[in-house]
Amino acid sequence: MKARRLGAVAAAATLALTLAACGSGQPSGGSGGTGGGGGGGLKIGIKFDQPGMGLKKGNEYSGFDVEVAKYVAKELGTSEDNITWVQAPSAQRETLIQTGQVDFVVATYSITDARKEKVSFAGPYFIAGQDLLVRADDATITGPDALDGKKLCSVTGSTSAQKVKKQYPGVQLQEFGTYSECLPALQTGGVDALTTDDTILAGYAAQEQYKGKFKVVGKPFSKENYGIGLKKGDTAQCTKITDAIKKMISDGSWQKALDANLGPAGYKPGAGNPPTPDACS
Ligand code: GLU
C-alpha cells in the first residue's frame, strides 16, 4: 500500500513537472508563444524606488507603471497574482529583456533609437519631461542653464544622465544606480540637484520624509516617451501590448491610474498626453 501511494505521488510529480515545463516553455517561445497567454505567469520589470511610478513597499507594489503593467498583463490573460515583479534599474533594462529575465519592462523607460537596437517597444503610453529637483530654499538653480559648476546627481544608463553629459558639459555629474540614492546627497548638500523625469521628481518631492525639503524646478527640457520594452522583434507580443495600452486609455483606466498615483503629488501631465501608441514594426 505504501509502495502504491509512492507510485501515485511519483506519477503526480511527473505530471506536475510536465505541466510546469509546458507552462514555462510557452512565454519564451518566439512569435507563437505570447507570454502570459492561457493564464501563465509573467515576469515584469518595474522600478522599486520611484513613488508614484514604481514602488515596492513590503510586498506591495504601487505606481502608475505598476497599474499599466497590471492592465496589460490582464489583457494578455495573466492575473495580478501571477505576476512576478522584478526590479529593473535604468542601466539593466535592456539586459533583463535580452536575457529573458523579464517578459517586459514598464519602468519610466524612454523609447530611444539606441535602445531600439537591442529591444522593441510598445507605446508610448505616457509623455514625461526631464526636469530638476533642488533643495526648497535654493533660488539659484532655475533651469539646466544655471547648472554650470554645480554638482548634479543622476543615474547610470538613463537618458537624463546622457543629456546632461552631452548638452551641459560644465556640470559636475555624479551617477548612481538608482534615483533614490541621490536624495540623501541632495538633502545634505553633497549634490546641488537631481535630474530625471518630472514624474519621478514629483513623487520624491511629495514623499512624507522629504516634505517641504525639495522642489521641482518645473521647466521640463526634454520629451520622454515612455514605452513598454520587450524582446526585440516580437511583433505579435508588441501588438497585443499596444492594443492593451489603447484600451486602457479609451476605457478611462489610464486617467484613473494617473490621478490615483500622480495626483497626490500635484503632478499635471504635459501636452500630448495621453499619447497615441505607435504601430509595432
Ligand atoms: N525616462 C528616462 C530613461 O528611460 C529616465 C528615467 C529612468 O531612468 O527610468 O532613461
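Ligands are counted one by one from 1 in listed order, and the atoms in each one are counted from 1 as well. Small disclaimer: the values here were computed from a predicted structure and weren't measured.
Near Y109, with a cut-off below 4.0 Å to any heavy atom, the atoms of ligand 1 are 4 (O). Here is the list of ligand 1 atoms found below 4.0 Å of a heavy atom in I200: 6 (C). Interface of K47 with ligand 1, defined as ligand atoms under 4.0 Å from a residue heavy atom, comprises 7 (C), 8 (O), 9 (O). When each atom of ligand 1 is checked for a heavy atom of S160 under 4.0 Å away, the hits are 5 (C). Interface of S158 with ligand 1, defined as ligand atoms under 4.0 Å from a residue heavy atom, comprises 8 (O), 10 (O). If you number the atoms of ligand 1 from 1 as listed, the ones under 4.0 Å from a heavy atom of T196 come out as 5 (C), 6 (C). Here is the list of ligand 1 atoms found below 4.0 Å of a heavy atom in Y226: 1 (N). Shown in contact with T108 at under 4.0 Å from a heavy atom are these atoms of ligand 1, numbered in order with element: 1 (N), 2 (C), 3 (C), 4 (O), 6 (C), 7 (C), 9 (O).
A donor-acceptor pair under 3.5 Å links the side-chain atoms of D65 to the main chain of T108, judged by distance alone. Side-chain N or O atoms of R135 include none that pairs as donor or acceptor with a backbone N or O of Q187 at under 3.5 Å. Remark: side-chain polar atoms of K56 are paired, donor with acceptor, to backbone N or O of G58 under 3.5 angstrom. Within the 3.5 Å criterion, the main-chain N or O of A91 finds no donor-acceptor partner in the side chain of T156.
Heavy-atom separations between T112 and ligand 1 are all 4.0 Å or longer. Note on ligand 1: M53 sits outside its first shell, no heavy atom being nearer than 4.0 Å. The shell of residues lying under 4.0 angstrom from ligand 1, judged by heavy atoms, excludes V155.
Within the 4.0 Å heavy-atom criterion, both parts of S110, backbone and side chain, lie near ligand 1. Contact annotation for R115 and ligand 1: only side-chain heavy atoms (C-beta onward) come within less than 4.0 Å of the ligand. Proximity of R93 to ligand 1, defined as any heavy-atom pair under 4.0 Å, is confined to the side chain (atoms from C-beta onward). Within the 4.0 Å heavy-atom criterion, the part of A107 lying near ligand 1 is the backbone and not the side chain.
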**Candidate pair L194 and L132, rule side-chain contact (heavy atoms from CB on, under 4.5 Å), full reasoning** = CA-CA 6 Å; L194 154 56; L132 297 164; over 6 Å; no
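Which of N225, D197, I111 comes nearest to atom 5 (C) of ligand 1 through a heavy atom is settled by distance: it is D197.
Looking at heavy atoms from C-beta onward, V191 lies out of side-chain contact with L152 at the 4.5 angstrom threshold. At least one side-chain heavy atom of K47 sits less than 4.5 Å from a side-chain heavy atom of R93.
Between E94 and K116, no side-chain nitrogen of the basic residue sits less than 4.0 Å from a carboxylate oxygen of the acidic one, so the salt-bridge criterion is not met. The pair K70-E67 meets the salt-bridge criterion, since a charged nitrogen lies less than 4.0 angstrom from a carboxylate oxygen.
Taking atom 2 (C) of ligand 1 as the reference point, the nearest protein heavy-atom neighbour is T159 OG1, 3.1 Å.
Exactly one of V72, V106, D103 qualifies for a side chain to side chain contact (heavy atoms under 4.5 Å, CB included) with I241. That residue is V72.
Here the two rings, on Y226 and Y109, have centers that are 6.0 Å apart or farther.
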